[in-house]
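Because the structure is predicted, anything quoted here is derived from the model rather than measured.
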Amino acid sequence: MRIALSYSTYQNILLSAFIISGGIKTFFIYYNFRYDITLLIIIAIFIDIIVNLRLRTAIRIKKATLLYPLLIACLVFLSLLSLSYSPSPAYKYEKFVLMFIPVLGFIYPVFIKELKLKILYKTILYIVVPICIWFIFFRYLLWYAPPGFLEGFIEKPKFSSLRNSYLVLGYLIGLLMILSVKYARFK
């Protein structure tokens, strides 16, 4: 059985992976995955953008989306401005580099041939929802399980350091609810 993957579908899968990478990183960190999944996806997106720039002669931005580059420029300006009041010299440069991750997320849809939000919907539904259930289960065990319960199954100190990931997972579930209005089988 051969599966054909179109270039626009590949781009949409890459965008979906980029959007959910922060949420699934929690799962990978807990199970000692050695590589930063977000960084790997960013490298793939960066390569795709370079390939698009080499193959296309011009990128057309519609008049209705002229505000789009202005918002990106404002985001870059804010990241530069934040360098001046950062107390740590080492952290401010790391912060500056990390501010380009959302900028890349804003820029990449311009290079996608056809945006298919149904791929994002299915990615969140089949990948993020199980991770959210895993997270809620482990958080329940962290707070309410009796001492020694499933001690070999969950490492409480290791999971405690990941407990602030609920914000990313909640954001992705909220995005799922918005996309469900259009793509869910049962409204």
Side-chain angles (χ1 to χ4, degrees), residues 3 5-49 75 79 90-91 94-109 111-112 115-186:
I3 299 174
L5 183 69
S6 70
Y7 183 62
S8 67
T9 301
Y10 163 76
Q11 287 181 315
N12 280 284
I13 290 171
L14 202 55
L15 179 66
S16 298
F18 178 69
I19 290 171
I20 70 166
S21 67
I24 62 174
K25 190 186 285 191
T26 303
F27 184 76
F28 287 135
I29 288 172
Y30 184 80
Y31 288 109
N32 297 325
F33 186 71
R34 295 185 317 172
Y35 306 104
D36 185 356
I37 192 81
T38 305
L39 181 63
L40 295 173
I41 294 168
I42 287 172
I43 290 169
I45 288 174
F46 191 67
I47 290 170
D48 188 49
I49 288 173
L75 190 60
S79 67
Y91 178 67
E94 179 184 346
K95 181 178 162 184
F96 178 71
V97 170
L98 291 175
M99 285 294 284
F100 280 100
I101 293 173
V103 170
L104 185 66
F106 283 127
I107 291 173
Y108 188 57
F111 294 94
I112 294 178
L115 194 60
K116 301 174 184 173
L117 292 178
K118 191 168 189 175
I119 293 174
L120 177 62
Y121 170 73
K122 287 183 178 182
T123 305
I124 293 174
L125 185 65
Y126 296 124
I127 295 175
V128 174
V129 169
I131 289 175
C132 287
I133 292 169
W134 170 85
F135 185 82
I136 291 167
F137 176 68
F138 272 46
R139 187 161 168 93
Y140 174 79
L141 289 177
L142 180 67
W143 288 101
Y144 298 111
F149 181 73
L150 297 174
E151 199 163 303
F153 181 66
I154 182 172
E155 298 176 36
K156 290 185 178 186
K158 191 174 179 182
F159 187 77
S160 291
S161 66
L162 302 173
R163 66 177 179 241
N164 60 351
S165 299
Y166 71 93
L167 294 171
V168 174
L169 294 172
Y171 163 77
L172 290 171
I173 293 298
L175 191 57
L176 175 71
M177 293 300 114
I178 292 170
L179 292 171
S180 293
V181 171
K182 181 166 180 147
Y183 298 111
R185 230 181 251 174
F186 304 105

Exercise for the section: Mark yes or no for whether T9, through its side chain, and L5, through its backbone, hold a donor-acceptor pair below 3.5 Å. Expected result: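 No: the side chain of T9 does not pair with the backbone of L5.
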Exercise for the section: Determine yes or no for a side-chain-to-main-chain donor-acceptor pair under 3.5 angstrom, with N12 supplying the side chain and K116 the backbone. Expected result: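 Answer holds: yes.
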Can you check whether [X] reaches [Y] side chain to side chain, under 4.5 Å on heavy atoms?
X: Q11; Y: Y108; value: yes
X: L115; Y: L15; value: yes
X: T26; Y: W134; value: yes
X: Y35; Y: L39; value: no

Exercise for the section: Classify the angle between the aromatic ring planes of Y31 and F138 as parallel (below 30°), tilted (30 to 60°) or perpendicular (above 60°). Expected result: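 Rings of Y31 and F138: perpendicular, as their planes differ by over 60°.
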Exercise for the section: Report the residue from L172, L175, I133, T123 that forms a side chain to side chain contact (heavy atoms under 4.5 Å, CB included) with V128. Expected result: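 Answer to the side chain to side chain contact (heavy atoms under 4.5 Å, CB included) test with V128 among L172, L175, I133, T123: L172.
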Practice task
Could you tell me if the ring centre of F33 sits under 6.0 Å from that of F27?
Solution key: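 No: the rings miss the under 6.0 Å criterion.
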Problem - Heavy atoms of other groups near F28 CZ, more than 12 under 6.0 Å - result: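 More than 12 heavy atoms, drawn from other residues, nucleotides or ligands, come within 6.0 Å of this atom.
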Problem - Atom OH of Y7: over 12 foreign heavy atoms under 6.0 Å - result: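 Correct, the count exceeds 12.
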Practice task
Give the C-alpha distance, both sets of side-chain angles, the deciding distance and a yes or no for side chain to side chain contact (heavy atoms under 4.5 Å, CB included) between L14 and I112.
Solution key: CA-CA 10 Å; L14 202 55; I112 294 178; over 6 Å; no
Practice task
Starting from the C-alpha separation in whole Å, work towards a yes-or-no answer on side chain to side chain contact (heavy atoms under 4.5 Å, CB included) for I101 and F18.
Solution key: CA-CA 10 Å; I101 293 173; F18 178 69; 3.7 Å; yes
Problem - Sequence neighbours excluded - salt bridge (Lys or Arg N to Asp or Glu O under 4.0 Å) pairs with any residue from residues 20-40 - result: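 Counting only pairs at least two positions apart or across chains, the salt bridge (Lys or Arg N to Asp or Glu O under 4.0 Å) contacts touching residues 20-40 are K25-D36.
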